[in-house]
Amino acid sequence: MRIVVLAGGIGGARFLRGLKKAAPDADITVIGNTGDDIHLFGLRVCPDLDTVMYTLGGGSNEEQGWGRADETFRVKEELAAYGAGPEWFGLGDRDFATHIVRTQMLGAGYPLSAVTEALCDRWQPGVRLIPMTDDRVETHVAVTLPEPDSDGGSPAGAAGTSSGDGAAGGGQRAIHFQEYWVRWRASVPAHAVVPVGADQAKPAPGVLEAIAEADLVLFPPSNPVVSIGPILAVPGIREAIADAGVPVVGLSPIVGDAPVRGMADKVLAAIGVESTAAAVAEHYGSGLLDGWLVDTVDADAVPRVAAAGIGCRAVPLMMTDVDAAARMAGEALALATEVRA
Ligand code: GDP
Ligand code: CA
């Protein structure tokens with residue numbers, strides 16, 4: 001069985017670990033979000049690709065869910081001693097090596113898809129990991145920042161405007177997703193989310209082919225706005241999925257009207273979608289989704305999702321461990337069989 005999974009970071013990676021366990025013989029292709037990518041210290045950082053690679057390759061920090069296990073922060077401390085920011089983005093020493101190798105290869109002319117394949121040679125994630133595009137796409141968020149002197153300026157630990165990264169002054173601004181998410185912890189009002197460059201981007205080699213050859217497409221419980229959204233915004237990908245003629249099944253990242261972790265509710269509000277399992281299903285719509293799993297606490301959402309033309313079931317959706325994630329993946333495979341019939 002050939003399965004294509006669109007994935008962000010933590011939610012995608014943890015689900016994929018379960019899927020590998022539930023379907024050990026499946027041939028899994030992961031189309032990874034690159035809208036979170038950022039250039040820092042001259043290096044290209046791909047947080048979502050790396051979270052998938054480290055998690056499936058057994059090198060991730062388990063409690064945190066991203067970054068490397070047994071990490072130290074000497075390089076970051078040295079950079080800070082030079083006043084080289086931003087301080088708000090945590091890059092560990094082990095992690096730095098990945099970004100150095102990636103940046104070196106990109107500089108030598110290799111596309112990101114080839115670089116990702118090379119990095120995965122080391123990590124052996126057991127899936128084929130392809131970035132959504134080799135072109136540059138960066139998710140930006142239109143926000144209202146507080147005036148620097150006003151109360152409730154920078155959140156605790158956000159380091160004010162000292163890092164010289166251009167964030168001086170309040171008011172209406174468009175900032176990089178990472179600045180919104182990591183520096184401001186999604187605490188400032190957000191009005192729009194734009195995957196800048198997506199409309200000009202081409203799917204990376206292998207993306208459309210994998211979708212065309214798939215028996216099944218899965219949307220893990222990744223962030224619908226800033227993880228799955230940018231992937232679907234690359235021209236051709238949404239259409240290929242909708243036209244593939246195979247079941248497309250998703251799992252809700254919203255449980256009990258709130259994200260399981262992170263601040264997905266804030267970016268859903270920014271695009272005018274309520275933070276409920278049913279509203280996220282409707283946001284994808286029956287043109288894309290054939291099936292949708294909601295958590296048992298959201299069982300009353302099932303009729304609303306079904307009324308939108310999407311097959312829906314309520315099952316436990318908390319990835320407390322790999323077995324729980326594997327049971328979720330098993331339910332998604334079962335729902336796919338049902339909606340196919
Ligand atoms: P990110 O790029 O690291 O933010 O990761 P993703 O976009 O792949 O996933 C983030 C989403 O995963 C968040 O919106 C969470 O609500 C969701 N999530 C995390 N853990 C769980 C879980 O155990 N169950 C469900 N249903 N969703 C989860
Ligand atoms: Ca992400």
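Whatever order the structure lists them in is the order used to number ligands and atoms, beginning at 1. What you are looking at is a predicted structure, and each value in this text was computed from that prediction instead of being measured. Each residue takes its place number in the sequence, starting with 1. Only heavy atoms go into these numbers, but all of them, side chains included; no hydrogens, no water, no symmetry mates.
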Could you go through the salt bridge (charged side-chain N to carboxylate O under 4.0 Å, His left out) check for K76 and E78 one step at a time?
CA-CA 5 Å; K76 189 177 188 240; E78 291 296 314; over 6 Å; no
Take E117 and R122 through the test salt bridge (charged side-chain N to carboxylate O under 4.0 Å, His left out) and record every step on the way to the result.
CA-CA 9 Å; E117 199 178 329; R122 171 182 175 196; over 6 Å; no
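Aromatic ring pairs are classed by plane angle as parallel below 30°, tilted from 30° to 60° and perpendicular above 60°; the pair Y54 and W123 is perpendicular.
Checked against a 3.5 angstrom limit, the closest N/O atoms of S222 and ligand 1 fall inside it. Considering backbone and side-chain atoms together, V255 places no N or O closer than 3.5 Å to any N or O of ligand 1. The shortest N/O to N/O separation between M328 and ligand 1 does not fall below 3.5 Å. Below 3.5 Å of separation, one finds no N or O of M318 facing any N or O of ligand 1. Between I254 and ligand 1, a contact under 3.5 Å exists for no N or O pair.
Contact between S252 and ligand 1 is present, with at least one heavy atom of the residue lying under 4.0 Å from the ligand. The closest approach between any non-hydrogen atom of T51 and ligand 1 is not below 4.0 Å.
The structure places OG1 of T51 at 6.0 Å from CD1 of I10, a figure rounded to the nearest 0.5 Å.
For atom 25 (C) of ligand 1, the candidate residues are T55, L317, L6, N223; the nearest heavy-atom contact is made by L317.
Between Y180 and W184, the ring centre distance reaches or exceeds 6.0 Å.
Atom OD2 is the N, O or S atom of D36 at the shortest distance from the Ca ion (ligand 2).
Looking only at heavy atoms of the protein, atom 9 (O) of ligand 1 is closest to G11 N, 3.2 Å.
There is no protein heavy atom less than 4.0 angstrom from atom 4 (O) of ligand 1.
Counted by atom type alone, D257 and S275 present zero donor-acceptor pairs between their side chains at under 3.5 Å.
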